[in-house]
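Beneath this line is the structure, given in structure tokens, with notes to follow.
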Amino acid sequence: MDHPFRGHGPLYLLLLAFLAGFFLGLAAGPAGIAVSGVLLLAALGLASIRFGEIPLACAVAALCGSLTAGRVPLVAPGDVLPYIDNEVLLEGRVEEVRVTDSGWAATARGSMVSLPGGTNSIRLGTVLLYIRNPDRSVSFPARVRAAGRLHPVRGMGNPGEIPRELSAMSQGAQYAFSADAAKVVFLPEAAGENRWRNLFPRARRKTGEWVKRVAGTTNGSLYLLSLATGEVPPYSHPMVALLRRTGLAHLLAISGVNVVIFHIITVFLLRAAMWAFRRRHGTPDLNLLPPLLALPASWAYVFLAGAPTPAVRSAGMITVAVLLWRRLGVRAPGVAWTGMLLLTLGAKPTEIVSPSFLLSYGATFFLIANYRTPPEEGEGGWRTRATGWVKEAVGAATVAFLGTLPVSAAFFQAVPSGAILWNVLFGPILGTAGVAGAVVAVVGGAFGVDPLAPVVRIVADGLTVSLTLLDRLSGSGAGCFPVPPAGIAWPAFSMAAAVSGTILLLRRGRRPWPATVLSAAIFLCGIHAPYAALPRRDFSFTALNVGKGASHVVSFPGGGHMLIDGGSALRGNAGARAVLPFLRSQGIRRIDVLALTHPHEDHFGGAAAVLAALPVREIWIPEGIPREAFGPAVASWTGPVRTVRAGDRERFGGAEVVVRAPANPGKGGKANERGMVLELRFGILSMWLPGDVEGGPSVWGQAPTEEAERRVLFLPHHGSPGADPAGWTAFCRPIAVVAQNSRCFTGGNLIRSPERFLLENGAFTVRSYGLGVSFLQSSHCGVWKCLLRLM
């Protein structure tokens, strides 16, 4: 039986060959020219012996891919070294931003980085930009000027985590820049002298000012403004949080769905106008002409929003589909999908690892594959047609959600439980009314048509009522539950199973939705499998790589769990990004003790995400420091908070936790010196956690005397020279030393130890059954570093 993707297999085969050549050439680095030469010889050899057309075409496609890899601009790490981890100034252009737990994430194009004073500068091209705590709306695209820190893009190395190199690779970036919002300035793009070049930015600015003037700043007005100009409210805004937790965040900005809605509305208006014209002056074709005439309006809507990538993809697919229908008289959504896929990956192959690309094309694939035309007018009354439309709407929302579930769970690690229901009930209302109102708002704002102000005001009020109703019915978005980290292999397998099952069922003439449902069920069962695991009978201690700061997870024999610190919430929210995924991957559903060593944000900041997601029995803080010093999440927590001091002991199963400091809680001084120092003992194993103390091993107490004891030392204060790492090593006599990064063992900090481990190479785990000790360094995949030559 025929299906929308029939006959596209050879095209996908050529695409795979192209991508294989691209990544091979990228991985080869300086030897990329040699790789291209080998592929050229292979193609010439196949052509000379008159081999089959498909192998020859694949060889040529691979050659094109390797040549494309040679055009990726990469900066030599040695040239950037003076700017790394120093306060630098950045200038670039930001087209759009993506909200995160700690602020905004964006891509700065054409970036120039310079040292303060303008002494030296370097052009880096594309840089990943992370802005903490933004508190205002900004219209994009815009120029950005910021003061912050530049650092290489590195994967955090925690088990089950998607490496950060994936998002960097999708943007073609080697380096990331982080700054606080107070040190970032967004500037509107210069108007210049070319009136036509700045037509859309000027229309966007005028529309934003006009909508705020006539409709105020209600939720409906802000939602309408986001669809008209792409100006999204701050991440902390209640409306943004509501739409994100109900699975409707894709309707908030000018996305692919909104472009489709805009095109449909435009076609409807053109059909109505042409129908009125036809009654007086002949009979134009109402089926073919309106979709063609609506294309310029759809592209104008896309450019008005700054041409975001999802909107361009959607407009491109609509254009291909309409032209095929107009020129060939066939409806070919599969051809449009395949054509835009090939164009996107041909122009930018690294997009294949972008969550935006995977989600948009994945959802569109399942929608096209599962679409079935509802009954026409002659096949029943209005009830039959309405029932058919409702069934198709529910089916489309279900397959799009379940089909892309592995991708969204892998990248975002959260699933809105009511997403299907809210998309069916409120998606058409918010999408259609919002886009229709945006059309009126653009006309009224860009051309100054004040008589349209009442219409925009009515639409904004209606959207406010709809958002209020959504808030009440959904419980303010409750039900967005976290899922365990999925890694890379499991989502890839589930998506491959869903796509292949869909094509197989289509070829057999059956509805393909069972393949999507079954693959999603298998995916969810697979990632939740660790939750069913029985408690381990041994002692396990894992130090997570949370960047600057610390976080340690302890699993005691019999099933108890202790979390010591949670990393920072200001540097990508380590609690949500690293700590929670690791806990879920280990099947840990509750924390018995959350120990916060001292009131520095890089140690207690990530604990807020843990307190919000998992039940915690009690919190430990050092005596003499108020709980308010550990942030609002701890200050407002209603559970027991225990203050500890030197000499306190607690047993968990067969293990013991000994508090070594603070010995004098009432004594003042730096927070580091007043912090909690812990020792964990199990059998012959002794784990030393000095935290960030800087006074040397004098805070520990008596020197250890057990010769048979196996001790593991975590360097205090990340191995800084002022913390006396050599003195601690001589005092502890450990069998292994664990440090934050390689700088802890250089620059006069060289420590003699049988074993040295670096957290920057991945999470470090110590296991013991009481009579022996084993170490495990979980390394993250280094192929992405090889591909982009990241340091």
Side-chain angles (χ1 to χ4, degrees), residues 5-77 109 124-126 153 163 165-174 309 312-313 316-317 320 334-354 356-358 360-362 365 488 492 495-496 499-500 503 781-790:
F5 305 98
R6 175 173 291 278
H8 297 179
L11 295 177
Y12 299 144
L13 183 61
L14 292 178
L15 178 61
L16 290 177
F18 174 83
L19 293 175
F22 174 80
F23 288 114
L24 183 62
L26 202 60
I33 298 178
V35 171
S36 299
V38 172
L39 292 175
L40 176 60
L41 292 177
L44 293 175
L46 292 175
S48 63
I49 62 176
R50 296 184 180 181
F51 212 73
E53 293 84 356
I54 295 297
L56 176 59
C58 289
V60 174
L63 174 61
C64 294
S66 65
L67 294 175
T68 302
R71 297 172 51 220
V72 176
L74 297 174
V75 182
R109 309 283 183 183
L124 296 181
T126 301
V153 178
E165 287 90 340
L166 286 172
S167 55
M169 189 177 183
S170 67
Q171 302 294 337
Q174 289 176 268
T309 303
V312 173
R313 293 174 188 152
M317 274 190 269
V320 174
V335 175
W337 186 89
T338 301
M340 284 304 301
L341 178 74
L342 296 176
L343 288 174
T344 302
L345 293 181
K348 192 175 182 182
T350 53
E351 278 282 306
I352 197 172
V353 291
S354 166
S356 172
F357 172 86
L358 295 173
S360 60
Y361 276 101
F365 170 83
I488 301 176
M495 286 292 293
V499 172
S500 58
I503 295 296
C781 181
V783 65
W784 309 113
K785 284 189 177 182
C786 177
L787 295 179
L788 286 182
R789 309 205 274 289
L790 300 174

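Computed from a predicted structure; not experimentally measured.
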Donor-acceptor contacts under 3.5 Å from residues 55-69 side chains, at least two apart:
| from | atom 1 | to | atom 2 | distance (Å) |
| --- | --- | --- | --- | --- |
| S66 | OG | S36 | OG | 3.0 |
| S66 | OG | L63 | O | 2.8 |
| T68 | OG1 | C64 | O | 2.8 |

Within-4.5 Å side-chain heavy-atom neighbours: L342 and F18
no

Value for CG (L345) from CG (L16), rounded to nearest 0.5 Å, stands at 10.0 Å

Heavy-atom closest contact (G7 atom, P10 atom, distance):
O-CD, 3.7 Å

Atom CD in Q174, atom OG1 in T126: separation rounded to 0.5 Å?
10.0 Å

Is the CD1 atom of I33 crowded by more than 12 outside heavy atoms at less than 6.0 Å?
no

Contacts of type ring pair (Phe, Tyr, Trp, His ring centres under 6.0 Å), residue F22, not counting sequence neighbours:
none

Where S360 and S356 come nearest, the two heavy atoms and their spacing
OG-O, 2.8 Å

What distance do L13 atom CG and I54 atom CD1 have between them, rounded to the nearest 0.5 Å?
6.5 Å

Any salt bridge (charged side-chain N to carboxylate O under 4.0 Å, His left out) pairs touching residues 339-350, not counting sequence neighbours?
K348-E351

Shortest non-hydrogen separation from L341 to F357 and the atoms involved
CD1-CZ, 3.3 Å

Closest non-hydrogen atom pair, F5 against T338:
CD2-OG1, 4.3 Å

Distance col, row I352:CD1 vs L358:CG, nearest 0.5 angstrom, shows 7.0 Å

Closest approach of Y361 to R313 (non-hydrogen atoms, all atoms of both residues):
CE1-CD, 3.5 Å

W337 and Y12 have their tightest heavy-atom pair at CZ3-OH, 3.4 Å

Could you state the interatomic distance from CG (L14) to CG (L19), rounded to the nearest 0.5 Å?
11.0 Å

Quick check: do V335 and H8 have side-chain heavy atoms less than 4.5 Å from each other?
yes

